[in-house]
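Below: the structure, in structure tokens.
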Amino acid sequence: MSALLEVRGLEVDFVQYERGLRRRSVPALTGMDLTASPGEVVALVGASGAGKSLLAHAVLGLLPPNAVECGTVTYDGVPRDPAARRRLAGRETMLLPQSVSFLDPVNPVGRQVRRSARLAGRSDPRRAAEEALAQRGLGPEVLRLYPHELSGGMARRVMVAMATLRAPRLLLADEPTTGLPPETVRTTLAEFRQLADDGCAVVVVTHELLAVLDVADRVVICSAGRTVDVADPADFTGDGSRLGHPFSRALWQALPVNGLHVSGVS
Ligand SMILES: Nc1ncnc2c1ncn2[C@@H]1O[C@H](COP(=O)(O)OP(=O)(O)OP(=O)(O)O)[C@@H](O)[C@H]1O
Ligand code: NI
């Protein structure tokens, strides 16, 4: 199947002003490639600060105004500039953000989940909201709480519920399982697998390399602002010698199950 999303050589610089209004450009992404097709779960992994969240925001046209990008982002066969990507965001394409601060602090959870249900076209948003939370082990009392009254894991589950009320064509889930217990990590990832099986293109940014291998079709590895490798999940095995790039091997060997050899992974 042809790719729904194709990112080629994406570079992002941030323009910053120093004292005396001297302008300088700070490179953040220096060459990111990412492809996702309908029916696929693509895992995007790399060390902290590698540029995973920036890539996800860039794809949806959500970078701050001082960001300058070059490279190409093709969606549905058409190259799209950031403004065109922004117009698709929340409609055909969706971001499940990394930070739980994306929840509106002054509105109770219920109002926010019901709003997502309405946008998703659910005929009974109240019921859809209750069901979406119940599916993630959250009772109806959670609907009355404000975001600051939730634990990190509860907030994460509320955000997953909101993002999956409607099946987008492209979902970028940025660290969707942070703070969740292992069983919930597995069920959440299985939910993304199901979305993909139903025809969505899913990109999951994660540090849970081991868990995501069970659901991913491909693993894109990035380091210091660039894509360095694209691996088959089956290649993450044994001593990692089937992995083509030293950074991919280091990432694999750094897992606790592999004895935590942390050299090369910062
Ligand atoms: N608005 C911004 N202005 C300047 N630099 C930024 C901005 N946002 C991100 N960066 C820089 O871009 C780099 C990549 O950040 P990003 O958040 O994409 O990393 P990440 O791979 O998602 O890390 P993590 O796994 O910790 O979430 C970092 O060096 C960060 O400091
Ligand atoms: Ni991030």
Side-chain angles (χ1 to χ4, degrees), residues 1 3-12 26-37 39-59 71-73 96 98 170-193 196 201-266:
M1 195 172 289
L4 180 64
L5 173 72
E6 228 179 311
V7 177
R8 286 282 162 259
L10 188 71
E11 297 177 14
V12 171
V26 182
L29 301 187
T30 52
M32 283 282 199
D33 299 326
L34 175 71
T35 304
S37 298
E40 253 189 344
V41 174
V42 179
L44 178 60
V45 303
S48 184
K52 306 177 297 293
S53 296
L54 271 184
L55 174 59
H57 281 79
V59 165
T72 57
V73 179
L96 203 173
Q98 177 171 8
L170 172 70
L171 174 66
L172 291 157
D174 193 356
E175 314 243 5
T177 59
T178 307
L180 299 181
E183 188 45 39
T184 318
V185 170
R186 271 191 294 276
T187 52
T188 305
L189 292 175
E191 221 177 312
F192 293 135
R193 179 69 261 169
V202 181
V203 178
V204 183
V205 177
T206 186
H207 287 272
E208 304 269 3
L209 178 57
L210 206 54
V212 85
L213 292 178
D214 288 338
V215 301
D217 296 292
R218 269 175 316 117
V219 184
V220 173
I221 299 112
C222 58
S223 171
R226 322 188 285 119
T227 300
V228 294
D229 199 5
V230 180
D232 185 327
D235 291 343
F236 290 89
T237 185
D239 62 359
S241 54
R242 280 166 60 177
L243 292 161
H245 195 278
F247 185 78
S248 313
R249 287 197 289 278
L251 210 57
W252 172 241
Q253 286 161 0
L255 291 184
V257 287
N258 292 326
L260 275 172
H261 302 291
V262 289
S263 64
V265 181
S266 52

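Starting from 1, each residue takes its place in the sequence as its number.
- Looking at W252, its side chain never comes within 3.5 Å of a backbone N or O of L209 through a donor-acceptor pair.
- Listed here is the closest heavy atom pair of G51 and M32: O-CE, 3.6 Å.
- For the atom pair CG of L213 and OG1 of T237, the computed distance is 10.0 Å after rounding to the nearest 0.5 Å.
- For the pair V45 and T206, the minimum side-chain heavy-atom distance is below 4.5 Å.
- The OG1 atom of T188 sits 15.0 Å away from the CZ atom of R193 when rounded to the nearest 0.5 Å.
- A distance-only check finds a donor-acceptor pair linking the side chain of D33 to the backbone of G9 [under 3.5 Å].
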*Verify side-chain contact (heavy atoms from CB on, under 4.5 Å) between V204 and L189, making sure each step is shown before the conclusion.*
CA-CA 9 Å; V204 183; L189 292 175; 4.2 Å; yes
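- Heavy-atom minimum distance, A201 versus S37: CB-O, 3.4 Å.
- The side chain to side chain donor-acceptor pair (under 3.5 Å) check on R226 picks up nothing, with sequence neighbours excluded.
- Nearest heavy-atom pair, L96 versus P176, reported as atom, atom and distance to 0.1 Å: CD1-CB, 4.1 Å.
- In terms of modelled atom types and a separation under 3.5 Å, the side chain of D217 and the main chain of V42 share no donor-acceptor contact.
- Annotation: side chain of H207 is in contact with side chain of K52 (closest heavy-atom distance under 4.5 Å).
- Checked options T72, L55, T35; the residue passing with V7 is L55 (criterion: side chain to side chain contact (heavy atoms under 4.5 Å, CB included)).
- Using a distance-only test at 3.5 Å, with no hydrogens or angles considered, a donor-acceptor pair links the side chain of D232 to the main chain of A234.
- Rounding to the nearest 0.5 Å gives a distance of 10.5 Å between OG1 of T227 and NE2 of H245.
- The backbone N or O of A196 lies less than 3.5 Å from no partner atom in the side chain of E40, so there is not a single donor-acceptor pair.
- The nearest pair of heavy atoms linking T30 to A224 is OG1-O, 3.6 Å.
- Comment: R249 does not engage D235 in a salt bridge, judged by the lack of any side-chain N to carboxylate O separation of less than 4.0 angstrom.
- Summarising the geometry, atom CG belonging to L4 is positioned 5.5 Å from atom CG belonging to L170; distances are rounded to the nearest 0.5 Å.
- Legend: residues meeting side chain to side chain donor-acceptor pair (under 3.5 Å) with E11, ordered by chain and number and at least two apart, are absent.
- Here the closest non-hydrogen pair linking G238 and N258 is O-OD1, 4.4 Å.
- The minimum heavy-atom distance linking V202 with F192 is given by the pair CG2-O, 3.8 Å.
- Using a 4.5 Å heavy-atom threshold, the side chains of V73 and L5 count as touching.
- In this structure, I221 CD1 and L243 CG are separated by 6.5 Å, a value rounded to the nearest 0.5 Å.
- Atom CD of residue E208 and atom CG of residue L255 lie 10.0 Å apart, to the nearest 0.5 angstrom.
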